There are 2 protein chains.
Amino acid sequence: MVTIRDVAKDSGFSSTTVSIVLNNAPLARYIPAVTKKRIEKSAKKLGYRPNLFARSLRSKRTHTVGAMVFDLTDPYCIPIFRGIESALYQASYLPILTDVHNDRARFERYLEMLLDRRVEALIVLANWLFVNIDVLGDLEKSSIPTVMIGQELENDSISSVTVDNELGGRLAIEHLHLLGHRKIAFIRGPKTLGDSAPRWKGIRSFAKANNLELDPHLIMDLPESRDPASSFESGFKLTDELVGRKHSFTALVAFDDMTAFGAIRALSQAGLRVPEDCSVIGFDDIAASALYTPALTTVSQPLEEMGKLAVGIVADGINCVLEKKTVPALHRKLAPELVVRSSTIKLR
Amino acid sequence: MVTIRDVAKDSGFSSTTVSIVLNNAPLARYIPAVTKKRIEKSAKKLGYRPNLFARSLRSKRTHTVGAMVFDLTDPYCIPIFRGIESALYQASYLPILTDVHNDRARFERYLEMLLDRRVEALIVLANWLFVNIDVLGDLEKSSIPTVMIGQELENDSISSVTVDNELGGRLAIEHLHLLGHRKIAFIRGPKTLGDSAPRWKGIRSFAKANNLELDPHLIMDLPESRDPASSFESGFKLTDELVGRKHSFTALVAFDDMTAFGAIRALSQAGLRVPEDCSVIGFDDIAASALYTPALTTVSQPLEEMGKLAVGIVADGINCVLEKKTVPALHRKLAPELVVRSSTIKLR
DNA sequence: CCCGCTTACAAAATCGTTTTTGTAGCCGCA
DNA sequence: TGCGGCTACAAAAACGATTTTGTAAGCGGG
C-alpha cells in the first residue's frame, strides 16, 4: 500500500503539504499552483489512496450513513432504499444497509455495529410493527441525525417522512364511489400498525360526507403479524370469509397491495372475476402491482421520493452537527396518488 | 468517548494489559484471573467500546464484507441477499450492500468505495448482463477473496455459485411433458445472458430423448436489456405475438418468472385462461410467484442457500488470507427444484 | 550462587492520516 | 531600520487502538 509519505517522498514535499493539497484544505490557499501540480502528479502516478481508517480516526468523518430496514423482504422497502441509495451516491456517501428481520435483538446488534462504525446519520425504515419507545430511547442516546420513514414517533424529537394515509384512504374510496360502487368491503390494517387508523379515517370521513353507508359485516381487520408476506395469507382468508357471508359486495378496499393479492386469489377461487364481478383496490403500489394480472389499481406511495427526502433531511442534519448547531426535527408528510389500472371497473 | 486509556486508568493497569485482556490475545495466558476480572469490570462500567478505526488501522481487520448487486430491484436478489446477510450476521461480519444499477461507472465507483473501506471479501451478485472481462480484471487486481453468484467467469480464478440451468430446463419441460403437453411454446433468455443457453440445452436434450418435437414457430427470444422489469414487457409482447400466429400451443415455458407474468397477462388479454387454456411455467421462484393468481408453477432456485454458500466460500477465503495461504477458487453448482403450483395443469 | 524460565505487567513503537504550531523568507510601510 | 503580515512549507502532536520489546520478580536446578 502506498502511503502519504510515499507521495511526499516522491514529490519532494512533506506529508503535511501533500495532505493539505490533496484535501484542498484551507491552507491550500497559500500553496502555489506548481507545487500542487507536482503533488497531484505524484499521487496519481503512485496510485495513492488515502487510508480511510487513518483518516477517520483523525478527522472524525466517515462519509457513511446507516440505513436500517425492518424487513427487507417487504417489497415496499426496495424503492425506498433505491431512493436513499441514489441520493447518497450523489452526495458521495456510502449507505450501510441492515436488515433487522423484525427482530429486536437484531435491531440492537445492528445499531451497535453501525454506531461502532461511526455512521454520520441514520435512516430507519420502520415498515412493520414493534417500533416503540425503547427504540426511540436508544436512538436519542446516539445523538446522530436520524430520520424515520413510514412512522412518526409520538415524541417528535426524531425526524420523519410519512405518507398522508388519510388522504390515501380517501382516494381509494372516492375512486370506487365514482365508479358507482356502493356495497364495498374493507380489509383494514392491524390495529397496532400506525398506518391503519388514518387510512380508515380517510375512508370513513369520505363515506360520511357522501352518504355512503359502510356495512359493518363487510369490514375485516388484518391480524397482527411480523411477517409482511402474512398479509397475503390474511387477505386471502378474510376475503374468503367475506365471500361466504350473505352480505354481497361489488368492490373491496384492501389495506395494502399484498392483502389485495390475497383477496384476488380468494375471489378467483370463489369463481368471482376481478374486476368484472368485484373491483379490488390496494395501497402502496409495490413493483408487483403493475405486473399482476389484472394489473392492480392502488394508492401509490411516492416511495423513492420518500427515500430521497429522508436523505435530504439527514444531510442537513449532518451539516448542523458539523457547524455545532442543534439539529431540528422535521416531519414531512407526502401525498399519495391514485393509480388506476385494471382491477377496478365501473359498476354495471 | 471513553478510550482504552480511561479503562487503563480506572482499572489501574496499563493500556497494553487492557488491550491484551479484552481481546483475549495470546499473552492473556500470563494474566491472572483477578486482573482480568478487574479490567473487564472497568470496561463494562465505563461502557468502553473500542474505536474500530484505530483498531483496523493497526490490526488490518475490518470484519466487513462487500456485497455488490447488479440490480436490487430484481426480486431475484432479495432472497440471495437474505442468505448472505444471515450467514454473515452469525459470523459477526457486517455486509455492505451496494446496488450497481447495472451501470459500469457505478460498479467501479462502488468497488472503489468498498476497497477503500477494506472489505475483507467480496460477493458479487451478477444477476444481469454486462459482466465481462474488464470487471474480472478489476476484481483480480483487488486480490481479496471474491465469489460471483449467478455467473461463472470463463477464467475460473474467481469462485462462483450457480444453479444448474440445464437441469432446470429439463425439469420444466419434463413437467409439461408429463402433464401431456406436446405443443409447447418457449420464450428463451437473451442470447448474451449466460443462463440462456444451458436452460435451452436442458430443454432440447429432453425433447430429443423423448421424441418431442419443438416447433420453431413457437420459439421466441427475449431481447437484450439491462432492466429486469423489461422481461415482463417482453414476455407480454412475445406471447402476444405467439398467440397471433397460427401455430397453437397448450403450454408455455418462460425464461423466468417475470417473463411468465408477462405471458400470463398476454394470454389473459387474448381471452385464454391460465392454466385451463394454456399452462405456463417460469423459472427462479421469486417471492411474487407464490402470490400470483394463478400461483406460478416454476423451477425454483435455492436462492437463500446460494447466498449462504457464497458466504461460506469467502469465509474460507478470508481464513486462507489470514494464514497466508493462497485462496483456491471453488465452483459450486446447485440443483434447482420444480415447484408445482396452479399455472400448469394436465392436458385434457 | 548464578542461570534461565515463567509470570505479570509496562514502555514504546506503530498504523496512516489530519491538524496545530512553528519558522523563515520576503514585502510593504512607517 | 524595524515590524507586522503574507507566503510556503515542515515538524510535531494528535487520533486510539495493537503489537513488539523490555523488565523485574520469583523460582527451580546445576
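Labels below follow one simple rule: chain letters A, B, ... track the order of the sequence lines, proteins then strands, and each chain is numbered from 1. Values below: all heavy atoms of this structure, side chains included; hydrogens, waters and symmetry mates excluded. No experiment lies behind these values; they were computed from the predicted model shown.
Remark: A:R118 fails to qualify as a cation-pi partner of B:F53 under the 6.0 Å distance and 45° angle criteria applied to the six-membered ring.
Checking C:dT14, C:dT21, C:dT17 against the side-chain heavy atoms of B:R58 singles out C:dT14 as nearest. For B:S19, the listed nucleotide lying nearest its side chain is D:dT19; candidates were D:dC15, C:dC9, D:dT19. Minimum atom distance to the side chain of A:I20 is reached by C:dT19, of the listed C:dT19, D:dC15, D:dA17. Checked against D:dC15, C:dT17, D:dT18, the side chain of A:L57 finds its nearest nucleotide in D:dC15.
Straight-line distance from the OH atom of B:Y30 to the P atom of D:dG22: 17 Å, rounded to whole Å. Taking atom CZ of A:F53 as the reference point, atom P of D:dG16 lies 16 Å away to the nearest angstrom. Between A:I31 atom CD1 and C:dT18 atom C1' the separation is 14 Å, expressed in whole Å. Between B:I4 atom CD1 and C:dA10 atom C1' there is a gap of 13 Å when expressed in whole angstrom units. Atom CZ of B:R5 and atom P of C:dA10 are 14 Å apart (whole Å). We find that CG of B:L22 is positioned 8 Å from P of D:dT18, with the value rounded to whole Å. In this entry the distance linking CZ of B:R61 with P of D:dT19 reads 11 Å, nearest Å. One atom, CG of B:N51, and another, P of C:dT14, lie 21 Å apart when rounded to the nearest Å.
Counting any heavy atom pair closer than 4.0 Å across all strands shown, B:T35 reaches sugar-phosphate atoms only and no base atom.
Using modelled atom types and a 3.5 Å distance limit, the side chains of A:T17 and A:S14 yield a donor-acceptor pair.
OP1 or OP2 of D:dA10 sits under 4.0 Å from a side-chain N or O of A:S14. At D:dA8, none of the side-chain N or O atoms of A:K36 fall inside 4.0 Å of OP1 or OP2 (strictly under the cut-off). A sub-4.0 Å separation between OP1 or OP2 of D:dG16 and a side-chain N or O of B:Y48 is absent. Phosphate contact (OP1/OP2 of D:dA8, side-chain N/O of A:T17, threshold under 4.0 Å): absent.
Ionic pairing of A:E108 and A:R104 is present here: one or more N-O contacts between side-chain nitrogen and carboxylate oxygen are shorter than 4.0 angstrom. A salt bridge links B:D71 to A:R82: at least one charged side-chain nitrogen sits closer than 4.0 Å to a carboxylate oxygen.
Two residues are said to be in side-chain contact when any heavy atoms from C-beta on lie closer than 4.5 Å; B:L111 and B:M68 meet this criterion.
The base of D:dA11 sits with one of its N or O atoms less than 3.5 Å from a complementary donor or acceptor on the side chain of A:T16.
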